[in-house]
There are 2 protein chains.
Amino acid sequence: MPGGPPWWQRRFKGYGYRLTLPRQIILDVLSRTSRHLSAEEVYMAVRRIYPAIGLTTVYRTLDLLAQMGLISKFDFGDGRNRYELTAGPGSEHHHHLICISCGRIIDYTDFIDDEVEFLSMIGKTLSKKYNFKINTHQLQFYGLCDKCR
Amino acid sequence: MPGGPPWWQRRFKGYGYRLTLPRQIILDVLSRTSRHLSAEEVYMAVRRIYPAIGLTTVYRTLDLLAQMGLISKFDFGDGRNRYELTAGPGSEHHHHLICISCGRIIDYTDFIDDEVEFLSMIGKTLSKKYNFKINTHQLQFYGLCDKCR
DNA sequence: TAGTTATTGAAAATGGTTTCCATTATCATT
DNA sequence: AATGATAATGGAAACCATTTTCAATAACTA
Ligand SMILES: [Mn+2]
Ligand SMILES: [Mn+2]
Ligand SMILES: [Zn+2]
Ligand SMILES: [Zn+2]
């Protein structure tokens, strides 16, 4: 894993950030799961590979990666933030169904092309009207999953 | 203000909840602002009218009102939840532009009809596919406001 | 009006996240 | 490959929004 996929190595250099082991391992952990991990969960997963990791570093790195756009930060309402790889192979743009009873998160990509087209159309008008530079968007549906309804 | 608009009086009875002064005043505060208040902000506003109010009661009541669907709960990323009247006169369905630099929140209603139609179309398909009962949705655009770009 | 019980408020506890700061590791330069 | 400047790290403590606990109070019902 050290060295890691070159596509994010360059990204780090570009920002003037150092490519450290903790950062690579955290990114590695996130790229190997399809779940939405909390900082604590990332911490525990990284610890198995790199026991010296500190929770503080996990928080800092998650912030950094989110700010670089490599990962996305979500609040699904369970009192902690959750993170997910945004860019790179194996991660496609999607939105979420959130069960308000058991907390289950369902990724969906249905209609995603229509959605992105529709949202970028809206976004364009909003940008103009409010003179607002749009970077990202989030769309989520809240309700009850099959087990909870 | 005691007694309050009858349309939420009935709502309370219907749920079997008591119509208390703190609850009415909190609802009253939220109905008189277009801002997105945090629990602390609600607490301070209510205190001016009803100094005996406790912060705990504010939290409890906000949960209750959200669960009743009278208000909506948001996390705009500033480390605290924010609340806004959902139902009733003067509050129309809308979505948000969120400035990631200064935290400013812009309500917009442009295209809201098209948007709602589009989203309910998507929602219908998702409901069927995932056997998921959708209650609400949120759509937000993140970026930089005119002052911050 | 009285009784039942949901609701309230203060204080303490909780728990996710941030801050502090001395130590360590990365990377450009010799 | 060794050096130096400094970005990055990790542990402990602080922070702070939210929740829990429990005795007192207020809302509704009969
Ligand atoms: Mn996802
Ligand atoms: Mn709003
Ligand atoms: Zn569920
Ligand atoms: Zn701004």
Side-chain angles (χ1 to χ4, degrees), chain A residues 1-4 6 8-27 29 36-44 46-47 49-68 71 73-83 103, chain B residues 1-4 6 8-27 29 36-44 46-47 49-68 71 73-83 103:
Chain A
M1 44 265 58
W8 67 43
Q9 286 195 48
R10 266 186 277 103
R11 197 78 159 262
F12 272 90
K13 305 281 172 153
Y15 276 97
Y17 297 141
R18 294 182 181 175
L19 194 62
T20 68
L21 244 180
R23 286 173 181 174
Q24 293 178 67
I25 297 176
I26 288 170
L27 215 31
V29 160
H36 308 84
L37 301 179
S38 66
E40 185 77 31
E41 288 170 337
V42 170
Y43 174 60
M44 299 203 294
V46 172
R47 272 228 277 196
I49 307 168
Y50 187 79
I53 190 76
L55 182 55
T56 308
T57 298
V58 173
Y59 274 105
R60 271 187 305 231
T61 302
L62 291 173
D63 277 351
L64 191 78
L65 297 177
Q67 184 244 299
M68 290 170 71
I71 67 176
K73 183 179 185 176
F74 294 95
D75 169 33
F76 293 130
D78 64 342
R80 72 207 63 188
N81 288 116
R82 295 185 169 277
Y83 302 84
Chain B
M1 50 261 71
W8 68 43
Q9 284 196 51
R10 266 185 276 105
R11 198 77 159 260
F12 271 89
K13 305 281 171 152
Y15 275 96
Y17 298 141
R18 294 182 181 174
L19 194 62
T20 68
L21 242 180
R23 288 174 179 173
Q24 292 179 69
I25 297 175
I26 288 170
L27 214 31
V29 160
H36 308 83
L37 301 180
S38 66
E40 185 76 31
E41 288 170 339
V42 170
Y43 174 60
M44 299 203 294
V46 172
R47 273 228 278 197
I49 307 168
Y50 186 79
I53 189 79
L55 181 54
T56 308
T57 298
V58 172
Y59 274 105
R60 274 188 300 231
T61 303
L62 291 173
D63 276 351
L64 191 78
L65 297 176
Q67 185 244 300
M68 291 171 69
I71 67 176
K73 183 177 184 175
F74 294 96
D75 169 33
F76 293 130
D78 65 342
R80 73 208 62 192
N81 288 117
R82 294 185 170 276
Y83 302 84

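Below, chains carry the letters A, B, ... as their sequence lines are ordered, and counting in each starts from 1. These values consider heavy atoms only, across backbone and side chains, with no hydrogens, waters or symmetry-generated copies.
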To the nearest angstrom, how far is [X] atom [atom1] from [N] atom [atom2]?
X: B/Phe12; N: D/dA27; atom1: CZ; atom2: P; answer: 13 Å
X: B/Arg80; N: D/dT18; atom1: CZ; atom2: P; answer: 8 Å
X: A/Leu19; N: D/dT9; atom1: CG; atom2: P; answer: 10 Å
X: A/Glu40; N: C/dT17; atom1: CD; atom2: P; answer: 9 Å
X: B/Arg82; N: D/dA17; atom1: CZ; atom2: P; answer: 10 Å
X: B/Leu62; N: C/dT7; atom1: CG; atom2: P; answer: 15 Å
X: B/Asp75; N: C/dT17; atom1: CG; atom2: P; answer: 10 Å
X: A/Tyr50; N: C/dA25; atom1: OH; atom2: C1'; answer: 9 Å

Should [X] be listed as having a side-chain N or O under 4.0 Å from OP1 or OP2 of [N]?
X: B/Arg18; N: C/dT8; value: no
X: B/Tyr59; N: D/dT19; value: no
X: B/Asn81; N: D/dT18; value: yes
X: B/Thr20; N: C/dT8; value: yes

Are side-chain heavy atoms of [X] and [Y] found at a separation under 4.5 Å?
X: A/Val42; Y: A/Tyr83; result: no
X: B/Thr57; Y: B/Tyr50; result: no
X: B/Met68; Y: B/Phe12; result: yes
X: B/Glu40; Y: B/Arg80; result: no
X: B/Thr56; Y: B/Arg60; result: yes
X: A/Ile26; Y: A/Leu65; result: yes

Between A/Asp63 and B/Gly16, which residue's closest nucleotide on DNA chain C lies nearer the 5′ terminus?
B/Gly16
5′-ward residue of the pair B/Leu55/B/Arg23 relative to DNA chain C:
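The 5'-side residue here is B/Arg23.
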Between B/Ala39 and A/Ile53, name the one whose nearest nucleotide on DNA chain D is closer to the 5' end.
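Here A/Ile53 is the residue nearer the 5' end.
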Starting at the 5' end of DNA chain D and moving along, which residue's nearest nucleotide shows up first, B/Lys13 or B/Lys73?
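Of the two residues, B/Lys73 wins.
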Strictly under 3.5 Å: I want the nitrogen or oxygen pairs between protein and nucleotides 12-15 of chain D, one per line.
residue : atom : partner : partner atom : Å
D/dA12  : N6   : A/Thr56 : OG1          : 3.3

Determine the contact category for [X]: base if any of its heavy atoms lies under 4.0 Å from a base atom, sugar-phosphate if only primed atoms, P, OP1 or OP2 are that close, otherwise nothing.
X: B/Tyr43; answer: nothing
X: B/Gly79; answer: sugar-phosphate
X: B/Arg60; answer: base

Restricting to non-hydrogen atoms, name the atom on B/Leu55 and the atom on B/Tyr43 that form the minimum distance, rounded to 0.1 Å.
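Of all heavy-atom pairs spanning B/Leu55 and B/Tyr43, the closest is N-CE1, 3.5 Å.
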Minimum heavy-atom separation for B/Arg82 to B/Glu41, with atom names?
NH1-OE1, 3.0 Å
Could you check which of D/dA8, C/dG9, D/dT19 has an atom nearest any side-chain atom of A/Tyr17?
D/dA8
